[in-house]
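Have a look at the structure below, then the notes.
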Amino acid sequence: MAVTYSIPRGTYDILPDKSFIWQYVQGLFRETAAEFGYSEIVTPIFENADLFERSVGDTSDIVEKEMYKFHDKKDRVFALRPEGTAPVVRSYVENSMHTLGGIQRLYYMGPMFRYDRPQKGRYRQFYQYGVEAIGSNHPYIDAEVIALQYTFLKKLGLKNIQLEINSLGNKASTDSYNKALAEYYAPHADKLCYDCSIRLEKNPRRLLDCKVPTCKELVAEAPVMLDYLDEECRTHFESVQTYLKGMGVEYTINPRIVRGLDYYTHTAFEFLNNYLGSQNAVGGGGRYNSLVEQIGGKDAPGIGFAGGFERLLLSLEEENLFMGNSFHPDVYVAVLGEESLLKAVHLMQQLRLKGIKVEYDPDKNSMKAQMKAADKAHATYALIVGENEINSGLYVLKTLTEGKQESLSLEDIITRLGR
Ligand code: HAM
């Protein structure tokens, strides 16, 4: 009996009719990152599970519920990466990148894995683009990182995206804020969901991110972090805003942003597209000034962001923004007669070596069928190779839109079309 397979739940194939959009968006991200002076870093798709437990945090949903953890043949515990920051910081530490001096400006792209309930804009394997800037606590760097993501989204032409920023403070501010939260929640402890009762013990800030309706009601009146920032944190946050204004980056302050990962300190931000429904976070990030040390490195401040390509594509679709072009050959070769094929393959190879995109279908024989196929492929030109052309060394090059045709030598064709 024939066996059929289907793709795992929460994953998808990128088919050729969409892959050119992916290439375009990825290319634009690379370009934008380069304009800001960021270089690519590539890390493995799996890491020690402990790396994420320690950094993303064991009270985060990502670590608690969503990690694809597995034992290898030697019983080591690994995890498919749920995010890119911890691996980049691991690499920064392992490769002693602090010795390179200055700020390490890094960008990455690739698949991430979270075992969540799939829905529109939420997948189990999804693709992130992101950056990390490690080695400076200057508020300009916060603004630079935010501006990079902002610029990328603007270049795509997206209009319905809002940037929201907040500050999560340093350790001292967080301690006094956690105390205030604990006091606020103490009389309501019996109304909290099970997860939140644990969060109250382990990491009160995470209470603000709960989606359970009874917990959400309590969040409305809860104290906000911004009121507990100390002088240093407040000044830092104000300077970030001054630089953002200087750059013309539009934002609003949302004191309820907490982010779903535990490593954040100081600036936190999110890019939202409210037309996308519940999965409205197109991207987000923030500062993580203790993470490098937490992962075993020499103390170094860092900040970064990540965004999901899928939500970006949904936003582009939503705003009717079409970009790039699917694959179209420059030249469709029509071969007349079996004997002409040997000469045609030589010609095709010469054209391809000059960067000309060539298509030929050996299963179509008649002139009519081949010209029809050339139209269907949206080729710019048809090149006719028959006995007469081979004997004269002049080949018919026909523009498919206007139907104009000329007889040209191979050299002239290359001069005309070569890159
Ligand atoms: P995050 O907010 O967990 O942050 O993820 C960033 C973005 O990835 C989200 O805003 C969303 O666009 C996309 N995303 C997350 N989960 C899914 C999913 N299941 N399906 C589709 N898209 C998803 C981070 O990952 C941090 N590492 C960002 C960062 C970098 N912070 C500092 N540096």
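Every heavy atom of this structure was used, including side-chain atoms; hydrogens, water molecules and symmetry mates were not. Order of appearance sets the numbers: ligands from 1, and atoms from 1 within every ligand.
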Kindly check if the number of other-residue, nucleotide or ligand heavy atoms within 6.0 Å of CD1 (I7) is above 12?
-> yes
For this output row, return yes or no: ring centroids of Y228 and Y177 closer than 6.0 angstrom.
-> yes
Counting only heavy atoms not in Y275, do more than 12 sit closer than 6.0 Å to its OH atom?
-> no
Quick one, list the residues around ligand 1 where some non-hydrogen atom comes in under 4.0 Å, by chain and residue number.
-> E83, T85, Y108, R114, G121, R122, Y123, F126, Q128, E132, R259, L261, Y263, Y264, A281, V282, G283, G284, G285, G286, Y288, G304, F305, A306, G307, G308, R311
Less than 6.0 Å separating the ring centroids of Y68 and F46?
-> no
Tell me which donor-acceptor pairs under 3.5 Å the side chains of residues 294-304 have, and how far apart each pair is, sequence neighbours excluded?
from	atom 1	to	atom 2	distance (Å)
Q294	NE2	R54	O	2.9

Could you tell me how the ring of H266 sits relative to the ring of H236: parallel (under 30°), tilted (30 to 60°) or perpendicular (over 60°)?
-> tilted
